[in-house]
Amino acid sequence: MLPLDILDKNAEEILDKHGLSMDQIEMAVMIDLDREEKYSRNWLVFSSRSRSVYYFTGDGAVFDAYDVDYYTEPLIENFSGSVRFIYNRHETKMPVIPEGTGEAEKKRLMDEYDRDAKSVIVCYATNKCKNKLNAFLTLIDRMAFKGETVKEDDELFKQFTEVCPKCGRSYPDGTKQCPYCDKNKKFVFRMFAFYKPHKWRCLLVLSCMMINSFILLITPYLQNKFLLNEVLNPEGGHHAVEWVIATISAIVGLNLVNTFTDIFQHRAEQYMSCHVTDTMRKTIFEKVQTLSLSFFGSNSVGNIITRIENDGPAVANFFGLYIPNTIWNTVNLIGMMIIVFSMNWKLSLIILAPVPLLFILYRTREPKYYKAASRTFRARSSMNGMVNDSLSGIRVVKAFAKEVDETHRFRKFAEKDRQANLYQNLMYLSFFPLVGLLIGMSSQVIWSIGGAEVINKNMSYADFVTYFSYVGLVFSPIRYFTTNFADALNHAVNSAQRFYETMDTKPDIIETVDQITPESIRGDIELKNVNFSYDLNRPILKNVSMKINHGDQIGLVGHTGAGKSTIANLITRLYDPSSGSILIDGIDIKKINPDVLRKNMAIVSQEIFIFRGTVADNIRYARPDASLEEVIDAAKAANAHDFIMAMPRGYDTIVGIGSSRAMSGGEQQRISIARAILLAPKILILDEATAAMDTETERLIGKSLDSLVEGRTSISIAHRLSTLKGCNRLNVIEDGEIVESGTHEELIRLRGIYYKLYKLQSEANKKIVVGG
Amino acid sequence: MSDEKKINVSAEENEEALVDALFAKRISYDLTPDNSRFFLSEGGLISMELSVPDKEKEFFERVIIIRSFPISNPTGFLSVRAPDSRGSEKGEEIGIIHDINDFPEETVKIISEELDKRYFIPEITKVHSIRDKYGFSYWDCDTSSGRRTFIVSNPYSNIRLLDDGRLLVEDMDGSNFCIPEKKKLDNSSQRKIEAFY
């Protein structure tokens with residue numbers, strides 16, 4: 001059996017019951033929906049001996065056979081989230097059309113054959129099964145109609161065994177995450193990596209903290225127990241003025257040391273915190289830059305900005321400020337506990353009384369805190385997104401006089417942000433006094449019991465005062481753990497989750513290990529059965545194959561949305577095909593070092609972007625090392641030199657968003673052409689490169705482009721057929737398929753889609769002439 | 001206007017008609033119970049008969065019905081389309097149904113059933129568990145179509161709360177799941193999805 005899905009025992013039994021043995025089944029696909037669209041295990045199998053497809057449900061209640069000679073034109077309808085497979089049922093076999101029959105006659109015969117056909121539903125399936133279902137149908141076509149023998153190692157099966165490019169193991173559960181290469185490290189441990197360069201500072205912080213802790217523990221002893229009991233008490237062993245001075249000096253000395261260690265500690269903490277925040281921000285920005293375009297499609301700019309701006313700092317703060325504090329508080333808590341329990345364990349039990357209560361209180365509220373924190377993030381990021389949206393589209397806003405509406409819209413977002421923020425903060429605020437009350441109460445209980453003990457002479461006054469000053473110190477870490485720490489932890493966990501969500505996002509374009517770095521690229525391009533979709537429910541390219549030799553000038557023609565620009569995106573590897581492959585000079589594009597690829601390829605697209613900077617910097621964006629002379633030459637070739645010279649500061653004029661010099665669409669396009677010319681790539685893609693220019697400029701640039709494309713492989717995409725005059729072959733794309741291919745004359749003779757387009761455009765031109 | 005120019009114009013009009021014919025498109029009608037009849041075909045699909053005044057009756061063995069507003073108005077503005085050939089899912093619009101409830105009960109039933117299958121968004125009725133691992137979120141739920149486990153990548157972007165309180169979850173394969181009302185779930189399920197509201 002071919003390696004699609006493996007039949008289970010139950011399915012084999014059902015097949016056996018219907019007289020089908022395993023050796024006559026070529027392949028099987030598990031279908032995860034039944035005809036009522038309920039989840040279940042159903043099967044679709046094919047037997048080439050009986051030339052039939054069989055569909056049966058896992059419980060054996062439905063068993064249908066479809067003879068492929070009577071059931072034709074299989075169609076997979078793309079629903080939202082699921083697919084439906086339908087066939088056309090005919091009463092007779094397909095008529096044999098004798099060779100040499102004319103096109104028209106052929107069509108008539110087929111239409112007649114089709115007339116009595118009935119569409120029938122074979123099955124429903126979720127998107128999960130879609131790729132296998134497609135492969136199943138392709139294979140039936142190849143085996144039953146093209147007479148091929150399909151082997152188990154066929155190219156087609158490769159897509160189902162996608163493997164981790166690092167270690168070669170297959171991914172689990174269809175994710176693109178390799179459990180061997182991406183060890184599930186807890187984020188705490190991953191965070192420590194950021195602190196590695198600061199390990200000496202960490203040590204400084206820790207030692208300062210230890211000293212502080214020690215001073216904190218010893219001070220009440222000196223101040224209360226020793227001073228009161230031993231020095232001031234006439235019965236004490238050190239009842240002398242010198243001892244008073246000595247004790248006080250010791251306390252002052254300790255205080256002095258404490259102050260300095262405190263300063264050292266906080267300085268080091270701040271230093272680390274700022275540095276780590278900075279590193280994290282740079283890391284996440286760098287990561288975002290490497291991600292595929294699809295990431296930017298599914299995450300708004302506001303969301304990404306919020307991640308870069310807030311999440312890194314939130315996590316860094318937690319680690320830089322709260323982790324040291326936590327260690328310090330833990331040490332203090334343990335130290336104090338030992339002291340107070342050794343002094344009077346019965347009384348100390350009262351301290352512990354509110355702890356379980358606080359813990360329960362905290363646990364029941366934790367999900368609420370978490371939710372509040374993530375809601376604050378969402379409100380903030382949608383507000384940022386709205387601002388970004390509104391400002392990027394400010395021209396449209398102004399054109400439709402929507403300024404007031406936009407302000408209203410912003411108020412709504414800001415209001416949501418305010419509410420979320422307030423809710424989150426208020427929740428903590430109402431919790432703090434509660435904690436204070438509980439702690440206050442238990443200290444009052446200690447006062448009253450301890451007071452009674454002193455009066456009953458079970459405890460000396462000095463002992464009680466010392467004991468009580470330690471009790472006060474015990475409460476401070478408890479308060480810390482149930483309030484500040486809980487708050488910060490929630491913030492940090494929330495932010496860290498998003499931080500690592502971004503860090504763990506795999507770019508769709510994955511660099512393989514066995515990368516090839518060719519010295520130069522010749523410029524042969526081949527597309528082999530390329531399929532592609534941006535959105536799983538809508539295929540854009542269907543089985544596109546084409547071959548372009550180096551030096552060829554190819555034109556891609558077709559309606560908007562036919563998939564022309566998508567082909568350009570795939571050749572430049574902004575996306576990878578869902579299946580099939582793209583070869584450059586005979587090497588799979590996935591294996592070519594991306595640097596080499598980018599250096600040898602340029603795209604002038606319909607989406608132009610001028611970065612903020614000088615004109616010269618914009619032209620040499622792809623090649624910053626280009627000399628000024630080269631920049632001028634490129635600008636001349638793109639017919640941009642003259643308008644640049646008309647600018648007040650020539651090539652040093654600042655252009656782009658936020659600059660005073662606004663450029664027209666045509667000017668921007670010429671700058672982007674100059675950019676491509678300067679790179680002098682082996683493969684040049686012109687995606688509607690001259691669409692925003694007037695005819696005269698287009699003609700002028702056409703000339704410079706002609707000299708540019710000479711000796712290079714060029715692919716031009718255009719609606720205006722006149723733009724494609726220079727091409728030596730044209731491909732017509734319709735609905736993601738190449739439907740016509742040839743020279744201009746050949747395509748005119750074909751009288752197909754190209755002819756229609758040509759007619760329409762020449763008619764339009766004629767009309768202008770007549771009208772004028 | 002000179003004679004010469006007149007001739008030119010009429011030749012122009014001829015040519016234009018020729019081009020128009022090349023790009024001829026169907027006229028899209030408002031579909032009402034008066035001009036259209038829908039029934040279930042033998043193969044379980046929707047067939048349709050269109051009878052517009054002054055035109056020959058047309059019969060479509062298979063029509064495709066698509067919602068214009070799948071989320072905000074699932075029963076109105078249904079586009080009825082004829083596939084341009086048998087093995088195709090693309091086609092031209094025959095017409096638009098403004099509100100399916102204007103049609104006889106039987107029609108409403110078959111079209112609603114067909115649409116429910118086309119827009120397959122199972123409702124989550126119970127959440128057994130949600131686990132986060134390697135940036136993916138693994139869900140195990142009871143749905144209106146049976147129990148299902150699925151994986152959500154990038155939970156912050158693929159789980160969306162709509163304005164009307166519905167929660168939409170899109171899994172890695174592009175399948176959608178929906179929680180119409182949080183309050184209708186049991187307590188333990190509500191706790192698990194708390195963070196998304």
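What you are looking at is a predicted structure, and each value in this text was computed from that prediction instead of being measured. So you know, we letter chains A, B, ... as the sequences are listed, proteins then strands, and number each from 1.
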In terms of heavy-atom contacts, A/Val120 and B/Leu45 come closest through N-CD1, 3.9 Å
Non-hydrogen atoms of A/Thr126 and B/Ser175 that approach each other most closely:
CB-OG, 4.3 Å
Non-hydrogen atoms of chain A under 4.5 Å away: do they reach the side chain of B/Pro70, the backbone, both or neither?
neither
Any side-chain heavy-atom pair from A/Asp32 and B/Arg148 closer than 4.5 angstrom?
yes
Can you tell me if A/Lys416 has over 12 outside heavy atoms packed within less than 6.0 Å of its NZ?
no
I'd like to know whether CZ of B/Arg147 has more than 12 heavy-atom contacts from other residues, nucleotides or ligands below 6.0 angstrom.
yes
By a 4.5 Å heavy-atom criterion (distance strictly below it), what part of B/Phe150 contacts chain A: side chain, backbone, both, or neither?
neither
Does any N or O in the side chain of B/Glu61 come within less than 3.5 Å of the main-chain N or O of A/Ser119, such that one atom is a donor and the other an acceptor?
yes
So CD of A/Glu37 and CZ of B/Arg118: to nearest 0.5 Å the spacing works out to 10.5 Å
Should we count NZ of A/Lys412 as having more than 12 external heavy atoms under 6.0 Å?
no
So how far is it from A/Ser80 OG to B/Ile121 CD1, rounded to the nearest 0.5 Å?
5.0 Å
With rounding to the nearest 0.5 angstrom, report the OG to CG distance, B/Ser145 to A/Asp34.
8.0 Å
Heavy-atom closest pair (B/Pro122 atom, A/Tyr39 atom, distance to 0.1 Å) is CG-OH, 3.3 Å
If I compare all heavy atoms of B/Phe120 with all of A/Ser82, which pair ends up nearest, and what's the gap?
CB-OG, 3.4 Å
Would you mind checking which part of B/Ser47 comes under 4.5 Å of any heavy atom in chain A, side chain (CB onward), backbone (N, CA, C, O), both or neither?
neither
Does B/Asp173 offer a backbone N or O that forms a donor-acceptor pair with the side chain of A/Asn127 under 3.5 Å?
yes
In this structure, NZ of A/Lys128 is separated from CG of B/Asp171 (nearest 0.5 Å) by 6.5 Å
Can you say whether A/Arg89 sits under 4.5 Å from chain B via the side chain, the backbone, both, or neither, judging by heavy atoms?
side chain
Salt-bridge criterion met for B/Lys117 and A/Glu77 (N-O under 4.0 Å)
no
